[in-house]
Amino acid sequence: MSETTHSERTDTDSTIETTAGETIEQVQESWTDYKFQGEAKLTSEGLDVYYGDDHALKDVTIEIPEKSVTALIGPSGCGKSTFLRSLNRMNDRIRSARVDGSVQFDGKEIYQEGIDLVELRKRVGMVFQSPNPFPKSIHENITYGPRKHGDIETGLLARLLGRDDWDEAEELVEQSLRQAALWDEVADRLDDNALGLSGGQQQRLCIARCLSVDPEVILMDEPASALDPIATSKIEDLIHDLAEDYTVVIVTHNMQQAARISDQTAVFLTGGKLVEYDDTDKIFENPESQRVEDYITGKFG
Amino acid sequence: MSETTHSERTDTDSTIETTAGETIEQVQESWTDYKFQGEAKLTSEGLDVYYGDDHALKDVTIEIPEKSVTALIGPSGCGKSTFLRSLNRMNDRIRSARVDGSVQFDGKEIYQEGIDLVELRKRVGMVFQSPNPFPKSIHENITYGPRKHGDIETGLLARLLGRDDWDEAEELVEQSLRQAALWDEVADRLDDNALGLSGGQQQRLCIARCLSVDPEVILMDEPASALDPIATSKIEDLIHDLAEDYTVVIVTHNMQQAARISDQTAVFLTGGKLVEYDDTDKIFENPESQRVEDYITGKFG
Amino acid sequence: GGQSSSDGGSDGSSGGDETSDGSSDMTSDGSSDETSDDSGGGNSTELLDAEGSSTVYPIANKGSSYWNSNAPPSDGEYWGENDEGSVPGWDEIDTDMLLADYFASQFGFEPTEQRSEAPFQTTVGLSHSGTGCEAVVNGLVDIGNSSGPITAELGWSEEKRDNTVVDNVVGRDGQPVVVSKDVSDEGIDQLTGDQIRAIYQGEVDNWSDLDGVSYDQEIYVIGRAEGSGTDTSFRLNMLGDANASMEVDTRQGQNQQVAQLVSQNDGAIAYMALAFTSDQVLPIAIDFEGTVYEPDRNAEHTIYDSDYPLNRDLHMYTLIEEGNPNGGGRDRREAAFINMFLTEFGQTLFVEDNNYIPLPTSDLEEMQEAVNQVKP
Amino acid sequence: MASATESDLISGRTDSTEAVAGIAVGLAALLFALSLATFFDVVSVTGTLVGVPVVPLVGGLLILLGGAIITFGIGSYLGYVETTPSPTAGLVAAVAAAVPWFVAGVSVGSIMLGSGSAGGVVLGLVTGAVAFAATAFPREDLGSTLPIGALSILAGLVLLSGIIGPEWVWDLGWEQQASLTAGFVVPALTLATSLYVGWAAAKAYGGFGARGRHVGAYALVYVNALSIVAVLVILLAFTVFRGIPGLLTGAEIGLGVGPEVGLFGLSVQLPVSLPFVMNGVALLNDYQGVLPAIVGTFWLVIGAVLFAVPLGIGAAIFLTEYAERGRFTQAVEVATNGLWSTPSIVFGLFGFAFLIPRFGNGKSLLSGMLTLGFMLLPLVLITSREAMLSVPDEYRDASAALGVTKWQTIRSVVLPAALPGVVTGVILGVGRIAGETAPILLTMAGGTFVPGSQTVDVIGGFKFTATPPFVANPELLQATSALPYQLFALITAGVGLGDSVANPNDFRWATALILLVVVLSFYAIGIGARYYFRRKLQYE
Amino acid sequence: MTETTNEPGTGTGQRRIRQARRFVDRTETGALVTVSVMSTALLAALAGFLAVSSLTIAPFALFLITAGYGWLRHQELTARALTLAMTASTLLILGLIIVFIFQASMPVLSYESMRVFGVEVPGLRMFLETRWDAVSDPVRYSMVPMIHGTLVVTVIATVVAAPLGVAAALFLSEIAPPAVRDIVKPGVEILAGIPSIIYGFIGFTLLSPWASRQFQTTGQGTYLFVGIVVGLMALPTVVSVAEDALSSVPESMKSGSLAVGTTDWQTMTSITLPAAFSGVSAAVILGVGRAIGETMAATVMLRGVPRLTDPLINVFYGQETLTSLIARNYGEADGLQMDALFVAGTILFVTVLIISIGSQYIEWRMRKKLGGEV
Ligand SMILES: Nc1ncnc2c1ncn2[C@@H]1O[C@H](COP(=O)(O)OP(=O)(O)OP(=O)(O)O)[C@@H](O)[C@H]1O
Ligand SMILES: Nc1ncnc2c1ncn2[C@@H]1O[C@H](COP(=O)(O)OP(=O)(O)OP(=O)(O)O)[C@@H](O)[C@H]1O
Ligand SMILES: [Mg+2]
Ligand SMILES: [Mg+2]
Ligand SMILES: O=P([O-])([O-])[O-]
């Protein structure tokens, strides 16, 4: 498989160059002087999302740099989650949803025929608003992804054939849990049901589960909204650390949180428009747009 | 039925006097120097609410002045809604809920045997977090309360007997809708289903419905949380106007909103405790307690 | 068996006789109405219902549909042929009344003089004899059709029978044994009584096991429901005892179903009633101790003969009730309706035309006399 | 931006490899269809198809199919075909492959060594185990193709070589004689094999691995859904097709051809005459019909609804609105669910023992109504309760907050909001009881061929009496017919309906059709109502 | 409202009594009297009906009158009392069913009693011997052949309905595009709506003769085809209950799986099905319950001879099931034979009741489990 795609790659590469060029121009139209350092990991260009007749996201064009934290903020219903879900095509799950425009991941268009959704979602992981561990043991939760991808075999058959990757799995579990700052709390009860963990622990477990498949991007949709302040601050620290290796995109309704943890911030306002996108400091100290300023100072929303 | 309660009232009056005396003492213990102008409309004293074994509200003592807006703020789960619902005994509807302590309305204890719940709730109206109009026409929504109380008769029988109060009903509908700042928008479609209105209109309809039974107090539990900014600001204006005739108690999770619209603010913190209660300006500019200050400046919550 | 009623151990209302007088039912005063009307001299015009034997069904049902149609005498459809001379029993009848009007008026009913509106309506339910006997005894219906004697059906003594019901015999059946087409095509058109007995007692199960038969095919032994008159008569007349044991592959509720099974399957043998034979359901000759009874009416010994061992009476039982005239076994509706079958007209049209055997004149006269006692 | 990982994102299988697997899937589908056609006697086992005898043709196709998928598997293993196989086909596939091989082994063993001998089972265990191992141990592309491909080839050879020819019969040698014949075994074998190979081919089409399994499973699930719909369509189409001639016997359209219908004193002559539904059975009719049974069914349903709906809704109100959720409501819930699943014949027995002695000691319309009412009650209760539970508590709170009493809230807010659910539930429930035979068999069944003049007239039957209970209705206390019972009676009465019905078979099928139409129209109305209400309430 | 005191006590009887007393104190006397008269009248009417008394009408009329009066004057309380009475009547019907069918099956149980270790066990012989013969001596009413028949039919039906039903439920809740779903779902419901007698009719006239020819059996009537037909009839039950269970698995769980890069099928097998396992098994169990109770198709397709097939696994012969025994014999049966039919009814009723309670228990556990997760 890898060989075939390899040969095809050249065609797509060429198209990307042009679209990428356009993208940057359009972004510059919107925020004349925002230039981040490093490579763009995800690029959306003229992205529109509809739910039935409802136009939820309008013409969003943005470049998200790699290995940094990008926060998406805005009032409720402005389309933050919609935008986030369009980055790993989780919107496909919603039957009424329809997507126009383009999103590129590492320069590859993800809204094209033949795209391997499984592979895409492996590489663009996601953590949800409320923790959603599987009703299985902690160990199984972490190894779930790799097992389904065939990277680790732990099944009965594999064990019978002496082919199981027990050690590898152990290692992976430990590593993922350490990265998610959960190892110390659960090391001695890996076989307990994950539903027995506290909310904050469950959310970190979900992050660990996401990390276990070694993604490149982690999308987080209000990951701390269901948590108490202590758990929240743990998650915030964790996100900060993750940005060293991963590209993190996080939706939050808490402006203080966005200010604390993100490198750049995109502000959506009602109607599904991306109104401003810049370094976080800039947005919070000196936004270009009056509406953004009103929003940030709590005049509405 | 009202006669029965009326005759009972005299007995209770005497008890109330003494409890009311105690109440004021306790309030002064908590906030040594908060004295508002005017009469107290609602007074709670040593109020505890339990949900099963869960102690949701702890020893809350507070006096709410009439014809003003009192805001209740605090982090999620701190018991704001619980407190609000205990003011018109809507907590009775939650099977696991148990209330200790006293709440007085116009000096009458509402947690006593023989209290007429129907009468109480008529006089202490309530507007809910998400708009909940009945799936009936706008007209029917407004006249629902008066009709059920027998103040207006519009039934088939009444019409046959020539006894229906059609004009009166029309008048009431117009008046309530005007008060709720909705008349202009719906005057020509009173017979449309209320579910066809927008969220903000629905919420104002609910306020109009509440006003139609001519209450003295209006309790509002995050009435704007499900609305967009424009609808929110309409509701806020409305609340401001209502305070001229009614006593308004409003729960909000939006501190800016509390600052904008309320005369006094009560801050609950996690655990169901009332931590501070004072003029709104005072609370937002110079709170007594460090925790309240942290909360208001967004350090947590 | 016995007379313990079908509502089992339900409660107070135990015996059929007791409930049927209506004293204990709650909302219904239907039956009490009826009895009081009768004893008061007037004639109830309630629906007359019959139930039971699938053998008697063709007779009763055809009669019932003639009755309900209450057609004028000019109408060929009920007079057999439209040509007056050929009407069977015309001399006897000689009337210009409508059909049901005529028969009913003899028992004191007012003629309606309306087509399709008989002085009282009749209906016939199809099940089998056991059900019919049960139903009439419990007062559920007016007439219980049975192709086996009620004594054998319900295990009664003759004395009990005489005290409880009267037996209206309306015709005869020469119970045939039939085989399916493939069997008769193999040339099997005659069996001995012993062979049939062997088949029905599970001693042979392949046609080729019979002497002189080379057809290698499992025998599909079809029986009638336990409690059906056809089954009871067959056990009684063929196997020697109403409670004789037998072994069959299938039992079907009604003769019609048996006929359908015989026509649908290979290797089948069945016992049934004459009315249901056809070119797919072929009666065979039976050799009883040297006498061969042929299925052909013109042969020397035939299954239509009264000495054919499987020959049986077809009954319409009615209950002896206090409310009936003279406390006898028939009320006037029952008598009027049954009387129709006892005329020459009825015997020809309802009995003989259904391939059954009309009653001999002497028996017929005896029956007529008994029924006519109810005339006002 | 490592090139290897990046290219994974876009699937890059060439059209030709997909085509090979695609052809195999198509071939399997063809064989599947062929086997069904054989079951339905559209194609005869002894006949020919495009000039070739059916059995060898099928055998050849099976061999071809088996060969194709084995070739694909080996091609993939050797790297000629672009796939992403897992290291093993997995436990499920291994068990799935072991089962048919076990059956094959047992059959071959039993035929050779005689059935019932241990030899067959031993052989089956061996072949099953080998198939299991051959699936489980090698890489997935081999494991999921070789054993199943071989099975297909084996089946094909058996058919092609004539070991199982069109006249093949295997007497099982049981006491009650039964045999397996080519007429059954050939299509059954083809059906099973084509499903298996189709599954394997679909996996191959998806390139094995997670995606392959996904495709394979989806193929089977789609076939299943399609088959269910097909069964439904065939059942309906067949009944309609067979029933139409009887239904339309003597039908006429035109002014003044129909019977007169009186409604509120007005008498109208219908412009349609459909004797089958407008007549009873009578000697003088030109065409016979089942009107009394239709009317009987109508009254049965009315009676059951009048009994069960108020009771069910009332109980649902008490349970949802008044009763504290606790042991009592739980007990009622268990009881209603128990009633819901009680077999209809038990309701019949109960009606027989309980109602019949209480209503004139005879089978009667009233007993039938109540028995069906007992059956309908739990259905109404359960659906009403669900509908009321799904009325948002906000409505109740809003009403309570306006100071409105509980019963007024129920009447004015809860019931209207629950109405769509209740109505839908009742209609569907009515559809179910309208088609029930067993309970009315024991409690109501009347005559088989009922004259039109005996059509029940419940309204006209009421009369007042001087003795308690002062009101009587003999029509209610008489047995009458209903469509399902009439059909049952027609089945048991078989042929020989007597002279009155010209074509008994048409008459029976037409009765079945009418019953189907009556019952399914309740369902159609119920399902339609649900869609309507859902659509209507959507703008919430 | 005196009924409140009659409600089943929950251990805190004292408190209940106090509550009731307070309730009585607080309620208007007029309303109390009305409701008391109403409920007494209703009870009297019930007693009269049970006793088959022609006076039943009097208390019933009184009930109607007081209820009407109460409705006009004390609607709140009357409505409450009436709905309580309606709830009670639901329980009453179940109770009556139990009493009547059990009571009716008593006599034959003592006839068929058997002595083991010196103890007389009623009805035991019905389950140890295999002979059913209501006519010739010795008359025996064994239930074994019918239990065998019911078992065989149910097993075959389950083999048909369970996998196909669960697969169809998966299809409907997880796979089908909305347009297809809108067709298939009502289709399945309509399948449930086809009256069983129509299945029986088609089975008797077409399937049975076909099977008889194919399997070269002696005559027609096979458990195999009855089982298949009954399975088809149980299918809709399985589909709709299983679909409910599958779609009640929270979307967040499914999304969680998809978001780590699994195929839809992997998500279904590894997350959705295990999470909904108890609900799906409840669906299958309910389907089994339906199959056990199916009557008419079996009645018209079977042979009607109560005996075991030979050998027991010979599904090509269909003798008799518990349901068809009743439907076929109720007419002419009397005395012990009738009681034996009630025994068959009792067996059916008890089995299905156990199944119903079992599946409710399973569903309850599933709800609890999923409720804990979300
Ligand atoms: N599944 C859906 N079907 C239809 N409309 C939807 C769906 N999900 C979201 N929407 C609509 O799309 C718009 C954007 O929703 P989205 O969830 O993206 O907002 P959000 O910014 O994440 O809001 P929140 O802060 O409340 O999570 C809203 O108007 C919402 O009503
Ligand atoms: N119906 C109930 N049953 C049991 N516990 C409840 C119930 N309602 C609220 N609680 C609990 O009581 C506490 C206070 O809840 P309450 O709804 O009053 O908080 P709140 O301040 O209104 O929070 P929010 O801002 O989220 O609305 C919480 O811990 C909550 O879990
Ligand atoms: Mg969101
Ligand atoms: Mg709240
Ligand atoms: O006449 P039978 O139907 O009872 O045989």
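In what follows, chains carry the letters A, B, and so on, assigned in the order in which the sequence lines appear, proteins first and then strands, with residues in each chain numbered from 1.
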Pick one of side chain, backbone, both or neither for [X], based on which atoms fall under 4.5 Å of a heavy atom in chain D.
X        : result
E/Phe60  : neither
E/Ile313 : both
E/Thr323 : both
E/Phe215 : both
E/Leu232 : side chain
E/Leu170 : neither
E/Leu235 : side chain
E/Gln214 : both
E/Arg181 : neither
E/Ile357 : side chain
E/Val352 : both
E/Thr205 : side chain
E/Ile97  : both
E/Leu206 : side chain

Could you tell me whether the side chain of [Y] reaches within less than 4.5 Å of the side chain of [X], counting heavy atoms only?
X        : Y        : value
D/Phe354 : E/Ile93  : no
E/Thr87  : D/Leu381 : no
D/Arg358 : E/Phe49  : yes
D/Phe352 : E/Met338 : yes
E/Glu76  : D/Lys406 : yes
D/Asn224 : E/Phe171 : no
D/Arg411 : E/Gln75  : yes
E/Tyr330 : D/Leu349 : no

### Query
Among D/Phe238, D/Phe374, D/Trp509, D/Phe347, who wins on heavy-atom pairs under 4.5 Å with chain E?
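Ranked by contacts with chain E, first place is D/Trp509.
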What part of [X] gets closer than 4.5 Å to chain E, counting heavy atoms only: side chain, backbone, both or neither?
X        : answer
D/Tyr531 : side chain
D/Tyr523 : side chain
D/Leu441 : both
D/Leu226 : neither
D/Val169 : side chain
D/Thr239 : side chain
D/Val229 : side chain
D/Tyr485 : neither
D/Val185 : neither

Measure the spacing between [atom1] of [X] and [atom2] of [Y] and express it to the nearest 0.5 Å.
X        : Y        : atom1 : atom2 : value
D/Thr181 : E/Arg213 : OG1   : CZ    : 10.0 Å
E/Lys185 : D/Ile527 : NZ    : CD1   : 10.0 Å
E/Ile202 : D/Ile491 : CD1   : CD1   : 9.5 Å
E/Leu341 : D/Leu442 : CG    : CG    : 9.0 Å

### Task
Anything under 30° is parallel, anything over 60° is perpendicular, the rest tilted; go ahead and classify D/Tyr218 against E/Trp265.
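Ring orientation, 0 to 90° scale: perpendicular.
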### Message
Parallel, tilted or perpendicular: which one describes the rings of E/Trp71 and D/Trp407, with boundaries at 30° and 60°?
### Response
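The arrangement is perpendicular - the two ring planes meet at more than 60°.
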### Message
Please check: side-chain N/O of E/Tyr317 versus main-chain N/O of D/Gln177, any donor-acceptor pairing under 3.5 Å?
### Response
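Present.
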### Task
Without swapping roles, check the side chain of E/Asn314 against the backbone of D/Gln176 for a donor-acceptor pair under 3.5 Å.
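Yes, the answer is positive, given that a donor and an acceptor are paired below the 3.5 Å cut-off.
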